[in-house]
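Read the numbers this way: they start at 1 and go in the same order the structure lists the ligands and their atoms. Along the sequence shown, residues are numbered consecutively beginning with 1.
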Amino acid sequence: MVCLGNICRSPIADGLMMKKVTENKLDIRVDSAGTIGMHAGNAPDPRMCQTAKSFGTPIDHLRSRKFIVEDFDRFDVIFAMDKSNLSNILKLARSEKDKEKVRLILNMSHPGKDLEVPDPYYGGEQGFIEVYNLLDKATDAILEKIKNNELI
Ligand code: 4NP
């Protein structure tokens, strides 16, 4: 799960996916990163932590890190939160195989629409709730695809 800072959108995508993978006893590695390293080592934004906790998916334990080229080797699928993240990740791709791994996450719940998860960083609480709800639906759709062997 990849966004810009790895403190708002991708940590909650990570937390939601991890929760669903664990609940379904799936042996799948879930992680998140940001395309900038500015917040590396930091916990998620307190507003995202608060919203996540209030909806039953605590993410306080997560720490920000920068996306690195080796992530193309460590993961089968890489989900970008918006088109800017997608483009930044694709710039690091070394091959067509790397590029094929990268997808816009909302195309899981809204196929073919190329929708973006809005960046809540500069807005109010409602933005964090909207991000949570969008990513809850997207991770449900990912889980279904995993179960139906349709993701990779
Ligand atoms: P995120 O949100 O990409 O969802 O983690 C942001 C976090 C930090 C900044 C921008 C967006 N920033 O400019 O520091």
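- Of all protein heavy atoms, the one lying nearest to atom 4 (O) of ligand 1 is Arg9 NE, 2.7 Å.
- Counting the atoms of ligand 1 from 1 in the order shown, those under 4.0 Å from a heavy atom of Leu4 are 3 (O), 10 (C), 11 (C).
- Each of Ile7 and Tyr132 belongs to its own hydrophobic cluster when Ile, Leu, Val, Met, Phe, Trp and Tyr are linked at side-chain heavy-atom distances under 4.5 angstrom.
- The distance criterion of under 3.5 Å between nitrogen or oxygen atoms is not met by Met38 with respect to ligand 1.
- At least one N or O atom of Asn6 sits closer than 3.5 Å to an N or O atom of ligand 1.
- Protein heavy atom at the shortest distance from atom 14 (O) of ligand 1 is His39 NE2, 2.8 Å.
- The protein heavy-atom contact nearest to atom 2 (O) of ligand 1 is Asp119 OD1, 3.3 Å.
- Of all protein heavy atoms, the one lying nearest to atom 13 (O) of ligand 1 is Tyr122 OH, 3.4 Å.
- Ligand 1 is never approached by Met48 to a heavy-atom distance shorter than 4.0 Å.
- For ligand 1, the atoms lying closer than 4.0 Å to a non-hydrogen atom of Ile7 are 5 (O), 7 (C), 8 (C).
- Under the 4.5 Å side-chain contact rule for hydrophobic residues, Val102 and Phe79 do not share a cluster.
- The CG atom of Leu135 lies 10.0 Å from the CD atom of Glu130; values are rounded to the nearest 0.5 Å.
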Run the side chain to side chain donor-acceptor pair (under 3.5 Å) check on Asp136 and Asn133 step by step: do they pass? CA-CA 5 Å; Asp136 194 21; Asn133 287 327; over 6 Å; no
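- Atoms of ligand 1 lying under 4.0 Å from at least one heavy atom of Cys8, given by number and element, are 1 (P), 2 (O), 4 (O), 5 (O).
- The cationic group of Arg9 does not satisfy the cation-pi geometry with Tyr121, failing either the under 6.0 Å distance to the six-membered ring centre or the 45° limit from the ring axis.
- A side chain to side chain donor-acceptor pair (under 3.5 Å) with Arg65 is found for one member of Asn6, Asp31, Asn42 and no other, namely Asp31.
- Leu134 and Val2 are not part of a single hydrophobic cluster, where members link through side-chain heavy atoms under 4.5 Å apart.
- Atom 1 (P) of ligand 1 has its closest protein heavy atom at Cys3 SG, 3.5 Å.
- Both Phe67 and Val69 belong to a common hydrophobic cluster when Ile, Leu, Val, Met, Phe, Trp and Tyr are linked at side-chain heavy-atom distances under 4.5 angstrom.
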